[in-house]
Amino acid sequence: MSRDPALMRTFRVAKVTTHAPGLVSLYVEQTYPITPGQFVNLWIPGVDERPFSVSDVKDGLVEISVKALGPFSRRLVEVRRHDWLGVRGPFGTGFTAAEHGLLVGGGIGVAPLRFLDRVLAAQGLSRRLLFGVKSAAELIFPAAYAGTAELWSDDGSLGERGLVTQGLERALAAAAPRVIYAAGPEPMLLAVLRLARAHQIPAQLSFERAMKCGFGICGQCCMDGAGLRVCVEGPVLTDLQLHQVTDLGLPRRGPSGRRLGA
Amino acid sequence: MSRDPALMRTFRVAKVTTHAPGLVSLYVEQTYPITPGQFVNLWIPGVDERPFSVSDVKDGLVEISVKALGPFSRRLVEVRRHDWLGVRGPFGTGFTAAEHGLLVGGGIGVAPLRFLDRVLAAQGLSRRLLFGVKSAAELIFPAAYAGTAELWSDDGSLGERGLVTQGLERALAAAAPRVIYAAGPEPMLLAVLRLARAHQIPAQLSFERAMKCGFGICGQCCMDGAGLRVCVEGPVLTDLQLHQVTDLGLPRRGPSGRRLGA
Amino acid sequence: MPHPTLVTDLCGVRLENPLVLASGILGVTASSLLRVANSGAGAVTTKSFSVDERPGHKGPTILSFGAGLINAVGLSNPGVDAAVAEIRAYKAISRTPIVASIFGRTVDEFGAVAERAAAAHPDLIEVNVSCPNVAAELGTPFEADPATLAAVTRKVKAAARSVPVSVKLSTNFGFLARAAQAAADAGADLLTAINTVGPGIVIDTNVRRPVLANVTGGVSGRAILPIAVRAVFEISRAVRIPIIGTGGVASAEDALQMLMAGATAVGIGSAVYDHGVEVFAAVGRGLTAYLEREGLDRLDSIRGAAHVA
Amino acid sequence: MPHPTLVTDLCGVRLENPLVLASGILGVTASSLLRVANSGAGAVTTKSFSVDERPGHKGPTILSFGAGLINAVGLSNPGVDAAVAEIRAYKAISRTPIVASIFGRTVDEFGAVAERAAAAHPDLIEVNVSCPNVAAELGTPFEADPATLAAVTRKVKAAARSVPVSVKLSTNFGFLARAAQAAADAGADLLTAINTVGPGIVIDTNVRRPVLANVTGGVSGRAILPIAVRAVFEISRAVRIPIIGTGGVASAEDALQMLMAGATAVGIGSAVYDHGVEVFAAVGRGLTAYLEREGLDRLDSIRGAAHVA
Ligand SMILES: Cc1cc2nc3c(=O)[nH]c(=O)nc-3n(C[C@H](O)[C@H](O)[C@H](O)COP(=O)(O)OP(=O)(O)OC[C@H]3O[C@@H](n4cnc5c(N)ncnc54)[C@H](O)[C@@H]3O)c2cc1C
Ligand SMILES: Cc1cc2nc3c(=O)[nH]c(=O)nc-3n(C[C@H](O)[C@H](O)[C@H](O)COP(=O)(O)OP(=O)(O)OC[C@H]3O[C@@H](n4cnc5c(N)ncnc54)[C@H](O)[C@@H]3O)c2cc1C
Ligand SMILES: Cc1cc2nc3c(=O)[nH]c(=O)nc-3n(C[C@H](O)[C@H](O)[C@H](O)COP(=O)(O)O)c2cc1C
Ligand SMILES: Cc1cc2nc3c(=O)[nH]c(=O)nc-3n(C[C@H](O)[C@H](O)[C@H](O)COP(=O)(O)O)c2cc1C
Ligand code: FES
Ligand code: FES
């Protein structure tokens, strides 16, 4: 990471933590300030490059939490301590810290919210955490959240059975937060956005789109509507910005730019 | 002038003062700090470019004093207010300010010493001025030096008749300065250097050599011996540095790099 | 003095200002092109598209190297049908002219994609014969051989019907004036110069391998401004058709260099990395300020002005 | 582990380190070359010289453009006799190898100057067939045509007798591998790549004219590093002779890119503007530090390392 974030720089992986099979955290040296919600591009030399949110910054190390999903992420979770990894960034616009936030995370979306949680805590800002996963093994840093987060799982193996958005509905009925922060799969984000609008609570949502550059020039990550770039104006977009977006929930665009299944 | 001094920037000439026929001062906007002894490259668009010492910096303007000698300088003294002039620099290493200096100038060499004089004055440093010219009309800023400088002229039309180095000999016999500053034709500089060495007074002498770049890469201005670059290590060189120089007083090198007359 | 205007006529197409979004930058979707148009571009260019869909190269595809960018995206594109749909969608919502950038693997493919592109009525068609990033797959760029260049130009011209055609050149094969001449003689209405330079390679010395997945990539941005200005200068002496001068432009000063070298319009691409999409409005304001300062009312007064005897 | 060494064998010439002062930088006089040798260069190259004395172009001849330098000095040189005298003077006072850079207006002139240069026993002769800054006068550089390039190479080889000959190429005419092949087949012992890129033009928008007196000039420095690295990479696949990789090198990191691309030695020129003559020592220290960090004892271990499958 540098002041010319599009430069490639390689770092030796300083540490690897395995949370569960196919779910790891990688740590690399920090060389630039990072705001929760921002992301980095990770290059496995000779393989490919993908964007990943930062899940924490501590003791001079940047933590990135990866879930094995496809060919690239399956290689990434196999990276070992001392391996070289290309790291570019940080890119994008992160979350804006505020009092009385409600952090709603789904699956690997818990990653950027965890960083946000720590930054809010450091500033003494009150907040409430709602995390949902498919099943218990999928929660990163379970220990860190025992007692502090309200947990939901599809199969009931952790916390309450059901979707985290059910938790959100319940929370909103009880007390209005000042802001909703959310990260997770797009259908979840849409449900959160709908609830936030219904309750007139400002929301900051972290989105994912296929990316080529990560720094605003290739056009690969642009959302339909006003052409917001997920890599520059996002990945965190507010409920207001999202009024300008017309392709939420549509099949994503593949690497050619064509909308898949369209 | 800018922090990338080799960039070309053009300025409108802010003011022109004519001292005598073929002897003018040009003024351009100052955009960068300059030390007495440093020089700038002046480009007459479409004509050519040459190095010139700065003869003063005041009120946000850089003053350059030019004597018409050959094809380029004859064009330069004809430049008018509002004309565009390319100015690059400042280049080179200037004089180091010290107490009890003796400033010895010959001809247009008075130019950088005048700037030095003003800077020394502003710092309250005592100094003595010895200026020599061919004849009265050749002294730039005569009014400024009436009374403050000891003047010499070849034809006796100003101050004493004779060479300024005679004045230097006399001055050294009377009282030892802490440092001798000199600028002028190379034969004069050599005489000054000899006297300074004889009296064991440190000297800072400003030299001229043909230049192409002005910023240390073309090699055109290098002195024989250790290869000191007049444009980088100079134009002001100390008596100690000059021990490494073996071509003082030799015929100069032309634009091809060949020593003329050799 | 009336307020100066930046309005530019490009082969009969009216641009509010001479600044054109270069191909491959934010040019994938209608929305993204609209965004740039609304940010102050005088015209926008699509990412180059071909008959068939292409995913492009694996990552990394675009890097900074400290003095500019280097890229080998690999001409990823959704294929002509999807691209044409984006052009139509764009035209439905924007009045800023759009340039359709096309390429093919064969002379005939250039014709085929031009024909289908023309059906969407873009304001201009730009023929990318100079991309250095697909050599392994597509071979030496078509521009390298004047006869092939002429054949592609004729084919596209015929297929484009009334849509003016620009041929996009690079400086990577020397003899630029000859290529420009070949394209002009074959009927090109205008030229775009230049595509990326090189190509180049960036090696990561820790892992000891080229960083771009494609190994080589084209150099753009600040590094290439003087090369692009020279290309425009040289071409404008060789042919009489308009030029979209592209390469390294990031400021009004840079754009003025292009115009004074002889460009009619000015492409901007990589500067979006350093300066954001705001670069179009900023450069436009700078051009207006220049005209005001110089007491001029239009850019025509300075076009080609650097061609002093 | 023994202390790593940077000693480099270049066609039988022993360099203390692989860093070579590029031609045209501080290369006019024996003293100035000595200065660079004493500053830590492994070898130094003279400014290119010809049979007859040349004053070069009027000024400005060298500019920064913000991302590198651009120059059109115009091959000013004191002529072969004076240049040879400087080489002799240099050799009398320095043991650092010296490369004599030569050029001519005709194939025969290349031979004539090579013969007289060889008599001064430089360690290498470098043939400048690629200077872009004298086109108006000398026409298209000799490298543009493989047959001419081969003829020049053969002529110089014959005249140089036992002095190894390097042919200096640019990337300005494409088909670099073909040019490298032609030079190697004609007997070149090594190649230098690259000369300046472009050419380019910088226009001053106040006075509305090109700044360089020659109008065009060659681009060097940071802007061209990836292009030079690619050139070395490409040439080292095409031919088996050593390469002096030159262009944009300013740090050990940059030099390592050159070596990993396949260079045997590394030229440094424009970086002297940004970093002073101290750049040679600094880059040398950085190379040693790299070898130490990686537990290697010589640069051979990494040469060409970026040519992964
Ligand atoms: C801003 C941003 C931040 C991200 N942060 C993280 C993070 O912190 N941790 C993490 O593990 N991953 C994160 N990702 C996702 C990551 O970049 C990769 O997309 C992911 O690792 C899958 O890549 P792959 O090549 O392994 O699998 P792929 O082959 O690309 O995909 C595997 C599966 O996931 C589906 N898929 C891929 N991408 C998407 C998408 N965008 N939307 C919906 N489905 C998709 C595919 O259809 C397929 O079923 C982030 C992405 C973005 C854009
Ligand atoms: C660091 C530096 C500072 C300078 N400062 C000033 C300044 O403040 N004011 C100023 O007027 N000039 C200054 N000069 C000189 C200036 O750069 C030009 O050389 C001068 O204007 C003559 O140039 P020309 O082309 O007009 O004449 P030319 O044709 O170059 O020369 C005219 C006459 O002067 C002789 N001459 C030229 N250069 C030299 C030389 N270096 N040594 C001895 N004789 C020479 C020629 O032989 C000829 O007789 C400076 C030069 C340098 C290197
Ligand atoms: C990321 C990227 C992608 C590009 N893709 C294309 C393309 O698809 N077609 C094309 O003709 N040029 C393409 N180019 C070249 C640009 O259009 C332009 O000619 C070049 O970058 C020089 O301009 P610039 O310095 O302003 O970027 C691309 C350039 C970049 C940086
Ligand atoms: C001011 C200047 C003068 C040059 N003169 C010559 C020359 O006479 N002969 C030559 O072969 N190359 C010449 N070159 C090219 C350099 O030797 C080198 O190939 C090029 O500048 C790229 O290296 P760099 O980026 O390290 O400067 C010159 C370059 C510069 C900047
Ligand atoms: S990923 Fe390239 S513009 Fe966002
Ligand atoms: S004038 Fe070029 S090195 Fe001094």
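The sequence lines fix the lettering, A, B, ..., with proteins before strands; numbering per chain opens at 1.
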Subject >> Check against side chain to side chain contact (heavy atoms under 4.5 Å, CB included), W43(A) and V207(C) >> reply: CA-CA 11 Å; W43(A) 173 46; V207(C) 304; 3.9 Å; yes
What part of [X] gets closer than 4.5 Å to chain C, counting heavy atoms only: side chain, backbone, both or neither?
X       : result
Q244(A) : neither
V47(A)  : backbone
M223(A) : backbone

Original post:
Just wondering, are more than 12 heavy atoms of other shown residues or ligands nearer than 6.0 Å to CZ in R81(A)?
Top reply: no
Original post:
Would you say K91(C) has more than 12 foreign heavy atoms packed within less than 6.0 Å of its NZ?
Top reply: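 Yes, NZ of K91(C) has more than 12 neighbouring heavy atoms, counting only those of other groups under 6.0 Å.
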Subject >> V73(C) side chain reached by K212(A) side chain, heavy atoms, under 4.5 Å >> reply: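 Of all side-chain heavy-atom pairs linking V73(C) with K212(A), at least one is under 4.5 Å.
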Original post:
Below 4.5 Å, heavy atoms only, C-beta onward: do R35(C) and C222(A) meet side chain to side chain?
Top reply: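 They are not in side-chain contact.
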**OP:** Could you tell me whether a side-chain N or O of S31(C) sits under 3.5 Å from a main-chain N or O of G225(A), the two making a donor and an acceptor?
**Re:** yes
Original post:
Can any side-chain N or O of D48(A) pair as donor or acceptor with the backbone N or O of G59(C) at less than 3.5 Å?
Top reply: yes
Subject >> Pair R253(A) + E86(C): basic N to acidic O under 4.0 Å >> reply: yes
Using non-hydrogen atoms only, which part of [X] is less than 4.5 Å away from chain A: side chain, backbone, both, or neither?
X       : result
I25(C)  : both
A213(C) : neither
L69(C)  : side chain
Y273(C) : both
N206(C) : both

[X] to [Y] - nearest heavy-atom pair and separation:
X       : Y       : answer
G219(A) : S32(C)  : CA-OG, 4.5 Å
D4(A)   : S64(C)  : OD2-OG, 2.6 Å
V28(C)  : G257(A) : CG1-CA, 3.8 Å
L26(C)  : G216(A) : CD2-O, 3.6 Å
S76(C)  : P255(A) : CB-O, 3.8 Å

Point-to-point distance, once rounded to the nearest 0.5 Å, from [atom1] of [X] to [atom2] of [Y]:
X       : Y       : atom1 : atom2 : value
E49(A)  : K58(C)  : CD    : NZ    : 12.5 Å
M211(A) : T61(C)  : CE    : OG1   : 12.5 Å
R209(C) : W84(A)  : CZ    : CH2   : 14.0 Å
T29(C)  : Q220(A) : OG1   : CD    : 9.5 Å
I217(A) : S220(C) : CD1   : OG    : 6.5 Å
R54(C)  : S256(A) : CZ    : OG    : 11.0 Å

Original post:
What residue, out of R229(A), R50(A), R12(A), has the most heavy-atom pairs lying under 4.5 Å from chain C?
Top reply: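 Sorted descending by pairs with chain C, the first entry is R229(A).
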Original post:
Checking side chain to side chain contact (heavy atoms under 4.5 Å, CB included) for the pair R9(A)/D204(C): CA distance, chi angles, key distance, verdict?
Top reply: CA-CA 8 Å; R9(A) 288 182 62 194; D204(C) 183 273; 6.0 Å; no
Subject >> For chain A, the option from L34(C), D274(C), V211(C) that forms the most heavy-atom pairs under 4.5 Å >> reply: V211(C)
